[in-house]
Amino acid sequence: NAGVTQTPKFRVLKTGQSMTLLCAQDMNHEYMYWYRQDPGMGLRLIHYSVGEGTTAKGEVPDGYNVSRLKKQNFLLGLESAAPSQTSVYFCASSYRLGTPLGQPQHFGDGTRLSIL
Amino acid sequence: QQQVKQSPQSLIVQKGGISIINCAYENTAFDYFPWYQQFPGKGPALLIAIRPDVSEKKEGRFTISFNKSAKQFSLHIMDSQPGDSATYFCAARRETSGSRLTFGEGTQLTVNP
């Protein structure tokens, strides 16, 4: 079981370029999430999805778009990269609720993105 | 607006000592409070979690203490080991909003041998 796989692991972009980060999970999870992690700010939710074909905005959605065409994949797009988007991006997934303590989110190992 | 505040930012403990990390939240609609552990170059992994209807949960050397009236919760690591050196995040979830997690700022724990 691979769990949550993020590609690429590292990327350097120039301001104004576009790119797509891919997240794939093999646990048949309904929910998927994209976070960014910056020093001293914890993880902040960018967008999330509660099922195939549905997406919703999180805390910091500006400058990002997402798509969930297949249940196992969740794509994060940067249409016109800006230096402020330099960060480590984490994807996570979880089952829908149903247990007394909820369902943990399982995280990938991140994509380190630098925008010059 | 940081809905979950975490302290301290960094913590150094001697091997065998007790590590204590504190979190405070604002939104009383939160219904689930997990702690995540993150090693360098890896994603966060769930360590332990608690619901607000209990005041304490213990799993091995890790204990969550929860004070609903004060809207505070803390992680205690007993007999801290060098292998516990990592970044710890508290979080809070609202069940009704896509199971979204709101994270604290993180605490970098170093356990000296």
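All values derive from a computational prediction rather than experimental measurement. Chain letters run A, B, ... following the sequence lines, proteins first, then strands; residues in each count from 1.
With sequence neighbours left out, the side-chain hydrogen bond (donor to acceptor under 3.5 Å, both in side chains) criterion links B/Thr87 to no other residue. Annotation: ring-ring contact (aromatic ring centres under 6.0 Å, His included) contacts of A/Phe90 (sequence neighbours excluded): none. Take A/Thr55 and apply the side-chain hydrogen bond (donor to acceptor under 3.5 Å, both in side chains) test, not counting sequence neighbours, and it matches no residue.
Residue A/Glu59 holds its CD atom at 10.0 Å from CZ of B/Phe103, rounded to the nearest 0.5 Å. Of the inter-residue distances, the one linking A/Gln105 atom CD with B/Arg100 atom CZ reads 11.0 Å to the nearest 0.5 angstrom. One finds the CG atom of B/Leu46 at 11.0 Å from the OG atom of A/Ser94 (value rounded to the nearest 0.5 Å).
Chain B is approached within less than 4.5 Å, heavy atom to heavy atom, by A/Phe107, A/Gly108, A/Asp109, A/Arg112 from residues 106-116 of chain A, ordered by number.
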Q: Report the C-alpha separation of A/Tyr35 and B/Leu101 in whole Å, then their side-chain angles, then the decisive distance to 0.1 Å, and conclude whether the side-chain contact (heavy atoms from CB on, under 4.5 Å) test is met.
A: CA-CA 10 Å; A/Tyr35 295 90; B/Leu101 288 175; 3.7 Å; yes

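The contact between A/Leu45 and chain B is made entirely by side chain atoms (from C-beta outward), counting heavy-atom distances below 4.5 Å. Of the atoms belonging to B/Pro44, heavy atoms from both backbone and side chain fall under 4.5 Å from chain A. Within the 4.5 angstrom heavy-atom criterion, no atom of B/Gln108 approaches chain A.
Counting non-hydrogen atoms of neighbouring residues, nucleotides and ligands closer than 6.0 angstrom, the NZ atom of A/Lys71 exceeds 12 such neighbours. Atom CD of A/Glu79 has 12 or fewer neighbouring heavy atoms from other residues, nucleotides or ligands inside a 6.0 Å radius.
Note on B/Ile20: it does not cluster hydrophobically with B/Val4, by side-chain heavy-atom contacts below 4.5 Å among ILVMFWY residues. One hydrophobic cluster holds both B/Val54 and B/Trp35 under the rule that ILVMFWY side chains link at heavy-atom gaps under 4.5 Å. A/Tyr89 and B/Phe89 fall into different hydrophobic clusters, defined by Ile, Leu, Val, Met, Phe, Trp and Tyr side-chain heavy atoms under 4.5 Å apart, directly or through other members. The hydrophobic cluster containing A/Leu76 does not contain A/Tyr31, counting ILVMFWY residues as joined when their side-chain heavy atoms lie under 4.5 angstrom apart, directly or transitively. By the criterion of side-chain heavy atoms lying less than 4.5 angstrom apart, applied directly or through intervening Ile, Leu, Val, Met, Phe, Trp or Tyr residues, A/Val4 is not grouped with A/Ile46; the two fall into different hydrophobic clusters.
Put simply, of B/Ala91, B/Ala45, B/Gly41, B/Pro34, the one with the most heavy-atom pairs under 4.5 Å next to chain A is B/Gly41.
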